[in-house]
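Working notes, structure below.
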Amino acid sequence: MKALRGLPSVDAVLRAAPRALVAPKRRSRFVAAVRESLDAARRTTHNGDAAPEIAAVVRDARRRLEQAERPTLVPVLNATGVILHTNLGRAPLAAEAVDAIRNASGAVSIEYDLDEGRRGERHVHARRLLAELAGAEDALVTNNNAAALLVALAALAKGKAVIVARGELIEIGGSFRIPDVMRQSGATLTEVGTTNRTYLRDYSEAITPRTAVILRAHASNFRVVGFTHAATDKELAALSRERGVTFVHDLGSGTVLDTARFGLAHEQTVAEAVAAGAEVVTFSGDKLLGGPQAGLAVGRAEILERLRRHPLMRAVRPDKITFAALVATLELYRDGRAAERVPVWRMISARPATLARRAKAISETLAAAGIAARVVSTESTIGGGSLPEETQPSRGVALTAVRPQELVRRLRRAQPPVIARIIDDEVVLDLRAILAEDDERLIRAVTSAAGPKEEA
Ligand SMILES: *Cc1c(COP(=O)(O)O)cnc(C)c1O
């Protein structure tokens, strides 16, 4: 109780604080930090600790203020080996997309028809390019794939029923669950089949006059193996046509290029899903496509027109920045340059020997700076709900540390922050998801975080 009385007042702390902390622009935030600091001190003095000196409160409050002022959205180096890391912003954009964003930052013809000199259509951008790449009649862009699916179900099945196989009632990270999206769209769910086996007749028997849609959802982040069966896309397309319902396919990642070209398992392409008869195929812009966050819907013109006219479209329409980056990315595909220019594909196609050479050069530079580092073999993954269970042989730099957790924490505070993994008590910087042009930045960040000075 005596210690409590010894706590300095807010005013006393403010009087003792350097001017920069109490300047008009910062004062109110510093006061809040001082209050927080005193509250924390009050709790520890309750436990019998001595009250802190004024200078200590100033220091603590400054630390709190600086912490609160630090930006939360900062560029990082993704040394996790996961190419499409949802927590790290998924696909890094191609330089062409970045330029397009810069060019679109000011006034642009987002809804302006330059030929006619009057109001134009936001939906024209990317429409033809996307349809072409997908071999579809038409295309539509939303904020993300979840939104594309939501609008599709709301436009096609509100107040009606949607049939989904039990094995496809998926949850993607970030609490995206098919049954929840369904509820929000106003459609009701008809589950068919079992977790591992669903036959065409299960769908067929479940169709009633209330049924509007058969939905297929890509099992993005898991695989069902063993005693399994699923109706094929072609079967579902034929059944849908025959019974007058719409076949919607949520492809998840969606890829335009054939993943088998890169030594990965073949992932059904967007064009294949369209060719197999789905009337609407939805997928993400920032997964294997390698573009900005967006939801892409391709398919039959008449069906997509119903989506386009739905009032929800207004709420999920993309901005000019998204369109700019998306169009620039799609143009790389159109021009056959995606494999060389889209970072996702550059990362996927990096050879282990190339990664090993880079890892060796980085290790040697770090070693010269007194940081124990060596080249290690790793397994990287694509991530972002594509090619589940598929790994690629990769190479990384292992840093030996007495306390790996501590080193990982320091790397997170480096400039730029480096997000690393711990494998077998070693801190591993996987190079799969880092482009070669960032190796220098990686070296600088690691040197500052793990240099001999820090280790002492
Ligand atoms: C990733 C994914 C989604 C969600 O896509 P977002 O673009 O993140 O909204 C939906 N369905 C499947 C199958 C997915 O893999």
Side-chain angles (χ1 to χ4, degrees), residues 82-93 126 130 134 139-154 162 164-185 187 189 198 213-224 230 233 236 247-256 259 264-265 267-270 272-274 276 278 280-299 307 312-313 315-319 321-323 325-326 329-330 344 381-390:
V82 181
I83 295 175
L84 297 171
H85 200 304
T86 296
N87 306 140
L88 301 181
R90 290 195 185 153
L93 295 176
L130 257 177
L140 175 71
V141 187
T142 62
N143 253 333
N144 56 23
N145 186 21
L149 192 61
L150 178 67
V151 174
L153 294 176
V162 176
V164 188
R166 288 203 166 82
E168 296 175 15
L169 288 173
I170 52 169
E171 172 178 322
I172 314 291
S175 68
F176 170 93
R177 289 177 162 193
I178 293 276
D180 296 340
V181 175
M182 193 87 69
R183 238 189 317 280
Q184 293 305 317
S185 74
L189 172 65
T198 306
V213 164
I214 289 179
L215 173 66
R216 157 145 286 171
H218 187 273
S220 294
N221 42 15
F222 66 101
R223 268 175 41 201
V224 183
D233 284 3
L236 293 181
F247 177 27
V248 176
H249 192 165
D250 171 14
L251 203 51
S253 176
T255 179
V256 170
T259 47
L264 297 162
E267 169 105 349
Q268 184 180 36
T269 64
V270 175
E272 284 166 353
V274 170
V280 181
V281 174
T282 72
F283 59 105
S284 295
D286 55 356
K287 291 184 180 174
L288 279 175
L289 190 76
Q293 177 186 303
L296 313 174
V298 295
L307 270 59
L312 264 180
M313 253 326 280
V316 300
R317 72 178 194 190
D319 67 332
I321 298 295
T322 301
F323 270 116
L326 179 64
T329 306
L330 294 173
V344 167
T381 58
I382 310 290
S386 45
L387 297 160
E389 309 280 297
E390 276 275 299

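Fair warning: this is a prediction, and the values are worked out from it, not measured in the lab. First listed ligand is number 1; within each ligand, the first listed atom is number 1.
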Inset, instruction - May I have the step-by-step check of side-chain contact (heavy atoms from CB on, under 4.5 Å) for L149 and L215, ending in yes or no? - result: CA-CA 10 Å; L149 192 61; L215 173 66; 3.9 Å; yes
Inset, instruction - For R216, enumerate each residue passing the salt bridge (charged side-chain N to carboxylate O under 4.0 Å, His left out) test, keeping only those at least two apart in sequence or located in another chain. - result: E168, D233
Inset, instruction - Verify, without hydrogens or angle tests, whether T259 (side chain) and A265 (backbone) share a donor-acceptor contact under 3.5 angstrom. - result: yes
Please produce the table of protein N or O atoms sitting under 3.5 Å from N or O atoms belonging to ligand 1, one pair a line, distance to 0.1 Å.
residue, atom, partner, partner atom, Å
ligand 1, 5 (O), S284, OG, 3.2
ligand 1, 7 (O), N145, N, 3.0
ligand 1, 7 (O), S284, OG, 2.7
ligand 1, 8 (O), R90, NH1, 2.9
ligand 1, 8 (O), R90, NH2, 3.0
ligand 1, 9 (O), N145, N, 3.2
ligand 1, 9 (O), A146, N, 2.9
ligand 1, 11 (N), D250, OD1, 3.3
ligand 1, 11 (N), D250, OD2, 2.6
ligand 1, 15 (O), S220, OG, 2.4
ligand 1, 15 (O), K287, NZ, 2.8

Inset, instruction - Decide side-chain contact (heavy atoms from CB on, under 4.5 Å) for Q268 and H218; before the verdict, give the C-alpha distance in whole Å, the side-chain angles of both, and the deciding distance to 0.1 Å. - result: CA-CA 10 Å; Q268 184 180 36; H218 187 273; 5.7 Å; no
Legend entry - T282 side, atom OG1; N145 side, atom CG - distance, nearest 0.5 Å: 4.0 Å
Inset, instruction - Applying side-chain contact (heavy atoms from CB on, under 4.5 Å), run through T142 and M313 and close with a yes or a no. - result: CA-CA 7 Å; T142 62; M313 253 326 280; 3.8 Å; yes
